[in-house]
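One structure is given here, and the rest of the page talks about it.
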There are 2 protein chains.
Amino acid sequence: MSHTLGIRQAQKQKTRQALLDAALGLLEEQSLSSLGLREVTRAVGVAPTAFYRHFRSTADLGVALVEEALGSLHPMIRTTVSSAGDSDQRIERAVGLIAHHVETHPAHVRFIARERHGGVQSVRQAIQGQLARFAEEVKAALAKDPVSEGWNDDDLLMLAHLYVDQMLMTASLFLDALEAPEEERRRVAQVATRQMRLISIGREHWLD
Amino acid sequence: MSHTLGIRQAQKQKTRQALLDAALGLLEEQSLSSLGLREVTRAVGVAPTAFYRHFRSTADLGVALVEEALGSLHPMIRTTVSSAGDSDQRIERAVGLIAHHVETHPAHVRFIARERHGGVQSVRQAIQGQLARFAEEVKAALAKDPVSEGWNDDDLLMLAHLYVDQMLMTASLFLDALEAPEEERRRVAQVATRQMRLISIGREHWLD
DNA sequence: CCATGCAGTTAACAACTGTTCTCTGGAATT
DNA sequence: AATTCCAGAGAACAGTTGTTAACTGCATGG
């Protein structure tokens, strides 16, 4: 898209991405608040001072990682929540998509789960912001569903938040079961499916 | 209870507690994986090497903090879940208890929320263990409720986990709203109450 | 009362951290 | 072709870290 980058800016973006990738790797066994800038540059094979050409601090890098991890997820969220089929089919499809995303982007998922309540305020805020956007999108999708007839805005949003949090919780459980035998992963999927099913049942009887 | 400690062991436990308290304070604006042992001893006013008389490492101290933060919570959980009244009354009472606990032990709550998915494995495991115990206790309480007639063990446990996670999520939201005006805190309480109510409705219609 | 135990101190270590300033080579601009 | 720009390198800084060893003073148990 847009314009072809000069050989110069291209190289810059390349090392920037290398810094992001290296950081994400190092963050699998520690928190952002203990990630050192030298540690990152060492992993990339670049001088410590080069870091400053791309980020003010490791906290700044963390905010960029939030964008990378969650920014591209919005289309998936939208298509998932507003997909066709009956309630059970949509739930199973959603759980499957979560499982697949955890398998293909484990480090990103771990980073979000870890730093959502982590020790770096700016990163926490960035994650909260993205999750709030998710909730708004889920709310919009729910509003279109005939089941939501008669619901007020506050209740739609509270249900949307419940779904988003449940999604994240499920992702975290899949993450813990990544190296486990498939039996365990299927158990996680089953529990998640039933929890979402229970929530959906509550939703259907909310206005009684 | 038990035996009166000698003047010696009493002093030891005193500095041990001072280390735990200082660490808990420092952990309000960082994660355990970046907490330094010297940082803690400096805050207490004691020599760095004194740390080793009590803990092998900061990770070890973290495990002790998990015990302190969650160990004493089991009786509260039990009495809450198995209290009297109809569904709505019990929910409001539970949300109120959570809010109160966050107000009286904010640092403990923050620590648990932060390190549940944090960068230190042993601490994560300790928290997972305690939460699993909570879930078992909630399950036992649910099993006694007439609403749970006909439920199998797996479903009882999946519902118990849903309640426990929802409890933690609510606690974390109360934490974020601690310094906010009361209006915001009341809004959090309202959302949490309705989410639990929706879950309870789903529970009542589970076997349909 | 005396010997032992042990919580906490002192000093020193090698290794590491974030940040500054100066420099360089090559792409970008004119 | 000459000039400017700038991503990255290099060296040096003051300050921090975890861990070791040998110590001191005092409560404890014989």
Side-chain angles (χ1 to χ4, degrees), chain A residues 2-27 29-65 115 118-123, chain B residues 2-27 29-65 115 118-123:
Chain A
S2 73
H3 195 256
T4 309
L5 272 51
I7 176 174
R8 186 156 194 177
Q9 302 228 8
Q11 177 57 32
K12 178 169 183 180
Q13 288 215 359
K14 207 171 173 181
T15 60
R16 186 192 134 101
Q17 191 58 48
L19 289 170
L20 288 169
D21 292 348
L24 200 58
L26 292 165
L27 285 173
E29 18 195 59
Q30 64 181 308
S31 302
L32 181 63
S33 86
S34 66
L35 183 70
L37 131 193
R38 291 184 102 107
E39 203 179 347
V40 178
T41 57
R42 194 186 312 130
V44 173
V46 87
T49 50
F51 187 91
Y52 293 108
R53 298 286 178 194
H54 303 275
F55 307 103
R56 239 182 272 261
S57 62
T58 52
D60 194 23
L61 178 146
V63 173
L65 274 179
E115 301 303 330
V120 182
Q121 205 200 20
S122 57
V123 172
Chain B
S2 73
H3 195 257
T4 308
L5 271 51
I7 177 170
R8 186 154 193 177
Q9 302 229 6
Q11 178 57 30
K12 178 168 183 181
Q13 288 216 358
K14 206 171 173 179
T15 61
R16 186 190 133 102
Q17 191 59 45
L19 289 169
L20 288 169
D21 292 348
L24 201 58
L26 291 165
L27 285 172
E29 18 196 60
Q30 65 181 307
S31 302
L32 182 63
S33 87
S34 66
L35 183 70
L37 130 194
R38 292 185 102 108
E39 205 178 344
V40 179
T41 56
R42 193 187 314 129
V44 173
V46 88
T49 49
F51 187 92
Y52 292 109
R53 298 287 177 193
H54 303 276
F55 307 103
R56 240 181 270 259
S57 62
T58 53
D60 194 22
L61 178 145
V63 173
L65 274 180
E115 301 304 330
V120 182
Q121 205 198 20
S122 57
V123 171

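Only a predicted model underlies this, so the values are computations on that prediction, with no experimental measurement involved. The sequence lines fix the lettering, A, B, ..., with proteins before strands; numbering per chain opens at 1.
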For a 4.5 angstrom cut-off between non-hydrogen side-chain atoms, does [X] reach [Y]?
X: A:Leu37; Y: A:Tyr52; value: yes
X: B:Gln121; Y: A:Glu29; value: no
X: A:Phe51; Y: A:Val46; value: no
X: A:Lys14; Y: A:Gln11; value: yes

Could you give the [atom1]-to-[atom2] distance, from [X] to [N], as a whole number of Å?
X: A:Glu39; N: D:dT16; atom1: CD; atom2: P; answer: 20 Å
X: A:Arg8; N: C:dT24; atom1: CZ; atom2: C1'; answer: 12 Å
X: A:Lys12; N: C:dA27; atom1: NZ; atom2: P; answer: 17 Å
X: B:Leu19; N: C:dA7; atom1: CG; atom2: P; answer: 13 Å
X: A:Gln11; N: D:dC5; atom1: CD; atom2: C1'; answer: 16 Å
X: B:Arg16; N: C:dG8; atom1: CZ; atom2: P; answer: 12 Å
X: B:Lys14; N: D:dA27; atom1: NZ; atom2: P; answer: 13 Å

Given 3.5 Å as the limit, does a donor-acceptor pair link the side chain of [X] with the main chain of [Y], or not?
X: B:Ser33; Y: A:Gln30; value: no
X: B:Glu115; Y: B:Leu32; value: yes
X: B:Thr15; Y: B:Ala18; value: no

Checklist line | Verdict with reasoning, B:Arg53 to B:Arg16, per side chain to side chain contact (heavy atoms under 4.5 Å, CB included) | finding: CA-CA 9 Å; B:Arg53 298 287 177 193; B:Arg16 186 190 133 102; over 6 Å; no
Check: Taking OP1 and OP2 of C:dT17, is either one under 4.0 Å from a side-chain nitrogen or oxygen of A:Arg42?
Finding: yes
Notebook entry, point to check: Where along residues 30-37 of chain A does a heavy atom fall under 4.0 Å from DNA chain C?
Noted result: A:Gly36, A:Leu37
Check: Heavy-atom contacts under 4.0 Å between residues 45-58 of chain B and DNA chain C, which residues?
Finding: B:Val46, B:Ala47, B:Thr49, B:Ala50, B:Arg53, B:His54
Item checked: Taking every non-hydrogen atom, the tightest pair across B:Glu39 and B:Leu26 -> O-CD1, 3.8 Å
Check: Any N or O donor-acceptor pair linking the side chain of A:Arg38 to the base of C:dC16 at under 3.5 Å?
Finding: no
